[in-house]
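Right, one structure below, let's go through it.
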Amino acid sequence: MLPPVYSPKEIENDVFRLWRDNRIYEKLKERKGKKFYFVDGPPYTTGRIHLGTAWNKVIKDTILRSLRMRGFSPTDTPGWDMHGLPIEVKVEQELGFKSKRDIESFGVEKFVQKCMDYALRNKDMMTEQFKALAVWMDWEKPYMTIKAEYMNSAWFAIKKAHEKGLLERKKMVVNWCPRCETALAEAEVEYADREDPSIYVKFRLKNGGFVLVWTTTPWTIPANIAVAVNPNLKYAKVRAFRNGSPEVLILAESLLDVLAKGYETWEVLETFLGKELEGIEYEHPLAEEIPYQANIRHRIVLADFVSAENTGCVHVATAHGVEDFELGLKYDLEVFNPVDDRGIFTEQAGKYAGLNVREANEVIIEDLLKKDLLIAEEKIFHRYGHCWRCKTPIIFRATEQWFIRITELKEKMLEEIEKVQWIPEWAGSARFRDWISNAKDWCISRQRYWGIPLPIWICEKCGKMKVVGSITEVEWKDDLDLHRPRIDAVKFNCDCGGVMGRVKDVFDVWFDSGVASWGSIGYPLKSEKFDLWPADFITEGHDQTRGWFYSQLGASLICFDKAPYKAVLMHGFTLDEQGRKMSKSLGNVVEPEEVISQIGIDCFRLYVLSSAVWEDLKFSWEEARNVLRNINILWNTIRFAHTYMSIDRFKAGKEVDLSLEDRWILSRLERFNKEAVSAMERYQLHRVVKAFFEFIIEDFSRWYIPLIRSRVWEEAESKRKLSAYETMFRVLDKSLRIIAPFAPVLAEWLYQNFVKSFRDTKESIFMEEYPKADEDLINEELEDKMKIAKAIVEAGNSARSKARIKLRWPLREMIVETKIKGLEVILDVILKQSNVKEVKFVENFQKELIIKPDFKKIGPILKGKAKEFAEFVSKLKEVPEEMEFEGVKLGKDCLIVEERIPEGYEFAEFSGGRVYINTQLDENLLREAYAREVVRRIQQMRKEMNLNVEEFIVSYVEIDPKLLEGWIEYVKNETRSRELKFANAEGYVKEWEIEDLKIRIGIRRWI
RNA sequence: GGGUCCGUGGCUCAGCCUGGUUAGAGCGUUCGCCUGAUAAGCGAAAGGUCCGGGGUUCAAACCCCCGCGGACCCA
């Protein structure tokens, strides 16, 4: 016997033990199958997996398992992304550090070691969490971005970039985190709302008047070099009055309303296009506070990016804005950067030296006010970039950085993504395409410690550069760690006689994972697996559009001029029930462990795999638990099959005569199989899960099993029984194999405890082949017929319900009124499921039409003759389309037609017609009904007594024996009563009510 | 401002790729039923302008266009 209730925990223990003790995964790994190169997108070693990571790995595992069953030997190396700022920040927090200085004084070597320990510890914890999801990957041999061999793959790429002229060092304005003191990539900037000042400042023009600018970053004013206007926008020179005194100002004509912020009235003196303003010089507003500004000639310049917003005049600080910087290149403006790595003003900033830029905001506003240059000061709530790890607001800063010239690769990238299969299609053709089209050069250098060191050496004497493409060039041996600071000690001799030292930077961590498609197989240090490249398949969340999908494509184009993957499945995000992101601050985080412990691994997997992968998944406990109910139904069907097959020592695989319902369920099975295979090939995992439950619940549990129940209860070697067993077995055996990749633990357990009992099996269900559909068994006509049978039975039940007659009470006849032919084949099915003695199919069931005139309609037309018309109508036997009465033509809408069905019948509609039931019960039917009522109650009592299904009893029924006349044997048979006595109840006694009749029933074990 | 996705009963979703019965599930509500696979299950009822508008078509939840609302990404 199977346990009566599905309890995931025990099953999981059993199966994990089986897999471990018999080394199932390892054995599968030894099999030589067709090659399939899958690359795992490495999760970052943060320490805990969240629902999204769990979902991600479950998708991967499902696909890997299905590939193995389909005869492939997929690569299943898990990856770990272990470098970078997030870990540095965590370690800094643990050590209580505030800035890079703390790290330097602590010692870089010790710090890096701490980072490594942290990453390794987290990797181990997360490995256990993934294993607990029944994810089969090669956990013993993962790829790690911190291994020298892997770092070598990145060096290889950078050397390639250098050879192709795609690596360059240039001064650029970058996103800069003043806390982490490093440049950040676009992908490392997180946008969040924040409040900033919004100020309107006037810059005094040398030839009189002012130009009005607007900014949200007062701290950039000390670095102001120019003011930009749009050459094609109309500007106005106005005379504005404040407290009665006039001032002349220039701003965009369409934006004059902003003057209301600081002036009472104004008048336009003249208008002109922006281009006429080019070259006009002005005085820096803080020239007195910042002596350095005296060296600079400030002037108005032209820029297309200036839009008609705020004042239409943009303050340009070449060191603090990307567009500003580029504009500076065009006009050959000076790049004046008075802000240091920590976001603190340098000596060059004069009065502001030593102030943090955010603190400086206030001081600067104050100074502008004193000089009467501030028109208005407001607050603005806007999206602003923050460091992805420490949440500090970023600043823009011009620095020297190393770049990959992605802009030169753009065209090729767009070309390459067209060759990739995207699931869904728009992930590539729209979303990714859009991202690439907007791509900028990739800043790959970080001024940090925990990362792959940039393999660039520069001669201290002549400035010559050497890019190292392999760790073998730095005399690497197995045990040598290549992280900072050790690598910093490596020097090369320059041809000029000088010494080359390494650039101190490390790689942007996104570059690490970008080389995964060859780094994970050790290329180029090892090349034996490189023939696998490029990847056949990868899958990650939609956030990886700008992350891993992109970094891999860029790195791969540098090295190999083609895309590193052939197919990409993009999945969604996990959100909370209301569709919000899960976050600690909202307190709505659901831990995968918690879910697993509550509903089990398989239930969790089936739940997350049942919604469309590319859509966001709103996690709902209720929905997840619903899946448990479905699993329970599957469990119950298997328990049913198992119970009887075991009693009869059934062995599968014998020739049997299949009956109608057997052939039907097998047809449904093959159809499901066909659907599953086609969905699987298109990575439409949710369709497989949906189809599975629909088949098991709708077809197998609700329809097939009730149909064969009586066959299963037949004694001895009944052929009908054996064919039912064989059919059930085929259905379950195949269904389990189809769903095994999705619900591996459950499928394995049922394979071991159900399938194995009735046929020779392999060691594990995962050594079986994924089933192929046998399309010859699909019988469309039979399926259609059965659909009709279902509809008829349902209509019959509905008619019963109207007549208030329980299904347990047999009925004499059912008349099916329909034009559909050839329903005789389903006669038995209907008889059985409707509990009727006879079923007739007719085209027209006799019924009486009652035709009355619609007085409301005919009254106005026929007036006084209406009564005569009523007489005429009463003689009609059928409804005419049209009639003529006393020379007036009348349509059938003048008639009200009612149907009267014969006395003693009730009906209900179905898609092909109507079903009538005869509601008259005669003596014999009544006795049968009573017999069934008694049986039902005795069965209930047997169950309450916990009797074995096969055990015999003696029954006592306090009822007039006449009521059961002719049905006594039936009752004894059904209830396994050796004796049925109409006497005072003994043993386990209960009182019952059948309709209005009160009876006492007693049963006891037969000894 | 640009791009993408989503919008289907009270709620959560499937169906859309590949147009074709009466648009399906689950949850919830009400009323019934069934049961030796039932710690279960099943049915019925109520509940739908398939976001709105236009187009293509014999036929549109589905394909196309224009809006509206929400989410995400970018500027």
Exercise. What integer distance in Å separates A/I696:CD1 from B/A25:P?
Worked result: 18 Å
For this session: Please measure how far the P atom in B/A23 lies from the corresponding atom in B/G70, and state the result in whole Å.
Result: 31 Å
Exercise. A/Y644 near the nucleic acid: base, sugar-phosphate alone, or nothing, with a heavy-atom cut-off under 4.0 Å?
Worked result: sugar-phosphate
For this session: Please state the C1' separation for the pair B/U35 and B/G41 - nearest whole angstrom.
Result: 8 Å
Problem set entry | Aromatic ring pairing A/F432/A/F549, orientation class (parallel under 30°, perpendicular over 60°, tilted between) | perpendicular
Seminar exercise, completed: The residue among A/K990, A/M941, A/Q940 that forms side-chain contact (heavy atoms from CB on, under 4.5 Å) with A/I1001 is A/M941
Exercise. How close or far is atom P of B/C17 from atom NE2 of A/H686, stated in whole angstroms?
Worked result: 13 Å
Seminar exercise, completed: Residues at least two apart in sequence or cross-chain that pass salt bridge (charged side-chain N to carboxylate O under 4.0 Å, His left out) with A/D602, listed by chain then number, are none
Exercise. Salt-bridged, A/E951 to A/R976, with N to O below 4.0 Å?
Worked result: no
Contact list (N/O, under 3.5 angstrom) for nucleotides 66-71 of chain B vs protein:
none

Exercise. Which of parallel (below 30°), tilted (30 to 60°) and perpendicular (above 60°) describes A/Y930 and A/W809?
Worked result: tilted
Seminar exercise, completed: Hits for salt bridge (charged side-chain N to carboxylate O under 4.0 Å, His left out) against A/K787, two or more places apart or cross-chain, chain-then-number order -> none
For this session: Using a 4.0 Å heavy-atom cut-off across all strands, classify A/A612 as base, sugar-phosphate, or nothing.
Result: sugar-phosphate
For this session: Measure the distance from OH on A/Y550 to C1' on B/C73 and round it to the nearest whole Å.
Result: 14 Å
Exercise. What is the distance, rounded to the nearest whole Å, between atom CH2 of A/W435 and atom C1' of B/A75?
Worked result: 11 Å
Problem set entry | For B/C72, the Watson-Crick or wobble counterpart (both distances under 3.5 Å) | B/G3
Seminar exercise, completed: Atom CZ of A/F573 and atom C1' of B/C73 are separated, to the nearest Å, by 11 Å
For this session: Pick the P atom in B/U12 and in B/G7, then give their distance to the nearest Å.
Result: 12 Å
Check the interface with nucleotides 41-46 of chain B: list each N/O to N/O pair with the protein under 3.5 Å, or write none.
from: B/C42; atom 1: OP1; to: A/R702; atom 2: NE; distance (Å): 2.6
from: B/C42; atom 1: OP1; to: A/R702; atom 2: NH2; distance (Å): 2.2

Exercise. If you measure from the P atom in B/G24 to the same atom in B/A46, how many Å do you get, rounded?
Worked result: 14 Å
Exercise. Quantified in whole Å, what is the C1' atom distance between nucleotide B/U8 and nucleotide B/A75?
Worked result: 34 Å
Exercise. So, is A/R800 near the phosphate of B/C33, with a side-chain N or O under 4.0 Å from OP1 or OP2?
Worked result: no
Exercise. Can you check whether A/Y725 and A/F729 have ring centres sitting under 6.0 Å from each other?
Worked result: no
Problem set entry | Euclidean distance, atom CZ of residue A/R687 to atom C1' of B/G24 [Å, nearest integer] | 14 Å
Exercise. Base, sugar-phosphate alone, or nothing: which one does A/N632 contact when heavy atoms must sit under 4.0 Å apart?
Worked result: nothing
Exercise. Watson-Crick or G-U wobble partner for B/G26, using a 3.5 Å limit on both distances?
Worked result: B/C11
Problem set entry | 5'-most by nearest nucleotide on RNA chain B - A/S611 or A/V712 | A/S611
Exercise. For residues A/Y6 and A/N636, is any side-chain donor paired with an opposing acceptor at under 3.5 Å?
Worked result: no
For this session: Any chance you could lay out the side-chain contact (heavy atoms from CB on, under 4.5 Å) test for A/W703 and A/I665, step after step, and finish with the verdict?
Result: CA-CA 9 Å; A/W703 194 245; A/I665 193 71; over 6 Å; no
Exercise. When you check every protein heavy atom under 4.0 Å of nucleotides 2-12 of chain B, what one-letter string (B, S, -) results, 5' to 3'?
Worked result: BSSSS-----S
For this session: With a 3.5 angstrom cut-off on both distances, give the Watson-Crick or G-U wobble partner of B/G20, or none if there isn't one.
Result: B/C58
Exercise. Which whole number of Å gives the distance between the P atom of B/C51 and that of B/C17?
Worked result: 15 Å
Problem set entry | Gap in Å between the two P atoms, one belonging to B/U56 and one to B/C65, rounded | 15 Å
Exercise. Do A/D196 and A/Y384 get their side chains close enough for a donor-acceptor pair, meaning under 3.5 Å?
Worked result: no
Problem set entry | A/S723 versus A/R711, side-chain donor and acceptor atoms under 3.5 Å | yes
For this session: Using the P atom as the reference point in each nucleotide, state the distance between B/C62 and B/G55 in Å, no decimals.
Result: 14 Å
For this session: Among B/C27, B/G15, B/C13, find the nucleotide with the atom closest to the side chain of A/E622.
Result: B/C27
Exercise. Is it true that A/R671 and A/D699 make a salt bridge, defined as a side-chain N closer than 4.0 Å to a carboxylate O?
Worked result: no
Exercise. Any N or O donor-acceptor pair linking the side chain of A/R709 to the base of B/A37 at under 3.5 Å?
Worked result: yes
Exercise. Is there a donor in the side chain of A/H542 and an acceptor in the side chain of A/D616, or the other way round, less than 3.5 Å apart?
Worked result: yes
Exercise. Between B/C27 atom C1' and A/F619 atom CZ, what is the distance in whole Å?
Worked result: 15 Å
Sort me out a list of protein N/O and nucleotides 20-22 of chain B N/O pairs below 3.5 Å, or just none if empty.
from: B/U21; atom 1: O4; to: A/K787; atom 2: NZ; distance (Å): 2.9
from: B/U22; atom 1: O4; to: A/S911; atom 2: N; distance (Å): 3.3

Problem set entry | A/E969 with A/K972: basic N within carboxylate O range, under 4.0 Å | yes
Exercise. Which base sits across from B/C42 as a Watson-Crick or G-U pair, both distances under 3.5 Å?
Worked result: B/G32
Problem set entry | Candidates A/F573, A/Y607, A/W55 - the one meeting ring pair (Phe, Tyr, Trp, His ring centres under 6.0 Å) with A/F619 | A/Y607
Exercise. Is the A/H686 to A/W614 ring centre distance short of 6.0 Å?
Worked result: yes
Problem set entry | Atom-to-atom span, CD of A/Q684 to C1' of B/G15 - whole angstrom | 12 Å
Seminar exercise, completed: Contacts of A/H542 and A/R932 projected onto RNA chain B by closest heavy atom; the upstream (5') one is A/R932
